[in-house]
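Worksheet for the structure shown next.
Excluded from the calculations below are hydrogen atoms, water molecules and symmetry mates; all remaining heavy atoms, backbone and side chain alike, are included. All ligand and atom numbering here is 1-based and tracks the order in the structure.
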Amino acid sequence: MKILANDGISQSGITALQEAGFEVLTTTVAQEQLVNFINENNIVGLLVRSATKVRTDIIDNCPTLKLIGRGGVGMDNIDVTYAKEKGLHVINTPAASSASVAELVFAHLFGGVRFLYDANRNMPLDGDTKFKELKKSYAKGIELRGKTLGVIGFGRIGQATAKIALGVGMKVIYSDPYIDSATVEVPFFDGQSVSFEFKSTDKQALLGEADFVTVHVPAQKEYVVGKSEIALMKEGAAIVNAARGGVIDEVALVDALENKKLSFAGLDVFESEPNPEVKILMNPNISLTPHIGAATGEAQDRIGMELATQIMALLK
Ligand SMILES: NC(=O)c1ccc[n+]([C@@H]2O[C@H](COP(=O)([O-])OP(=O)(O)OC[C@H]3O[C@@H](n4cnc5c(N)ncnc54)[C@H](O)[C@@H]3O)[C@@H](O)[C@H]2O)c1
């Protein structure tokens, strides 16, 4: 049985599938040639990330296809309901990248409290001539330890972020209308672990108490953090968005950074992705990454293995 991993798959996933008797093709077939390629090669499983679209044309015209797999979480690029109605299996790997996204949140936070986002822009330009001035301008850093992290959306990534925060010595509060309470287990390298019990608090209270806010909700119609929410935040607080563009109002965010209400922001996702606004890109108080939350070798390995395990269970 042949599997086409059109947007790539980790070597560990390929090996697991091959050992189970599948042939794995990793050619990237152009979108308009996919139907032909699938039919000519009798592909039974089509694996994608976010690039390849799996719409009705493929679902209707590829009789050999039994399974569509998304390496990652969001399935916006797949007509999931239609595919399921037509009898196809549709799978994804929702948990595989949570720890990687959580670490990226902390990369933004640790970088933010010590101005790394700005120092890395200015050191190459002025580091040799204005070392002392730069040293002075970044001299007022703070520690994360002892501060309060407010997590909006306490699902997989929200909880993975909380684990790191607890390890760092932060107080964690969260707001999630669908999760009243949660137990978060923080594992240590030697097998020990410590459990923490949490109860959801309302968003307004969280915004007023948190020194740092991180948002981990799915895309929604309204901003989760807009102008009125920012107004409730502490003076000098900071915010990270590694969820989806459009969850935070970027115009309100830039205003809040310009008038010093907020000290910095960390953004991995953007309202106008893949063409983020220049006002965001050029803002000196935003730590920027180009949607790389899940882009670690470990997450890609887990994604590949999780897909392979599900495919073996469904197709063998
Ligand atoms: N940056 C990246 O590369 C990257 C990678 C993976 C996932 N993500 C994104 O991260 C986000 C979270 O993913 P997850 O796996 O933790 O999802 P999840 O479904 O496990 O958790 C989302 C949580 O948000 C809560 N929620 C929904 N609406 C809310 C609201 N208005 N206020 C507060 N809470 C709300 C839900 O109850 C749920 O508990 C998603 O938007 C996902 O697309 C980003």
Side-chain angles (χ1 to χ4, degrees), residues 7-8 48-51 70-78 80 91-109 149-165 172-184 198-207 209-210 213-226 228-230 232-233 239-250 265-271 273-274 276 280 286-304 306-307:
D7 299 329
V48 300
R49 286 180 180 153
S50 53
R70 157 77 160 103
V73 190
M75 305 249 254
D76 338 2
N77 53 327
I78 302 171
V80 178
I91 59 173
N92 66 346
T93 61
S97 58
S98 304
S100 296
V101 180
E103 287 200 8
L104 185 70
V105 170
F106 269 84
H108 283 293
L109 288 175
L149 179 69
V151 184
I152 300 180
F154 213 52
R156 290 171 290 254
I157 299 174
Q159 293 190 28
T161 306
K163 288 182 191 192
I164 302 180
V172 175
I173 52 178
Y174 84 86
S175 177
D176 190 317
Y178 308 101
I179 299 186
D180 291 338
S181 62
T183 306
V184 174
F198 292 99
K199 278 201 185 328
S200 184
T201 173
D202 72 89
K203 191 166 79 176
Q204 277 73 13
L206 176 147
L207 291 165
E209 189 184 339
V213 171
T214 184
V215 187
H216 300 289
V217 300
Q220 22 218 283
K221 291 198 184 88
E222 314 256 303
Y223 291 125
V224 175
V225 178
S228 53
E229 284 77 16
I230 291 175
L232 296 173
M233 289 173 71
I239 190 161
V240 177
N241 183 10
R244 278 285 180 266
V247 161
I248 296 179
D249 178 349
E250 288 180 354
L267 298 181
D268 187 46
V269 291
F270 303 88
E271 277 192 77
E273 210 172 308
I280 292 284
I286 304 182
S287 172
L288 298 155
T289 47
H291 205 151
I292 54 164
T296 63
E298 291 86 345
Q300 295 309 315
D301 265 348
R302 286 190 296 266
I303 286 171
E306 215 171 299
L307 284 174

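Relative orientation of the Phe154 and Phe198 rings is perpendicular, given thresholds of 30° and 60° on the angle between their planes.
Checked by atom type and distance alone, the side chain of Gln220 pairs as donor or acceptor with a backbone atom of Pro218 at under 3.5 Å.
Between Lys163 and Val184 there is a side-chain heavy-atom pair separated by less than 4.5 Å.
Closest heavy-atom contact between Arg70 and Arg49: CD-O, 3.1 Å.
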Inset, instruction - Walk me through it: do Asp268 and Thr289 pass the test side-chain hydrogen bond (donor to acceptor under 3.5 Å, both in side chains)? - result: CA-CA 5 Å; Asp268 187 46; Thr289 47; 2.7 Å; yes
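Near ligand 1, residues Val73, Ser97, Val101, Ile152, Gly153, Phe154, Gly155, Arg156, Ile157, Ser175, Asp176, Pro177, Tyr178, Ile179, His216, Val217, Pro218, Gln220, Ala242, Ala243, Arg244, Asp268, His291, Gly293, Ala294 come within 4.0 angstrom through at least one heavy atom.
Taking OG1 from Thr296 and CD1 from Ile303, the interatomic distance works out to 8.0 Å, rounded to the nearest 0.5 Å.
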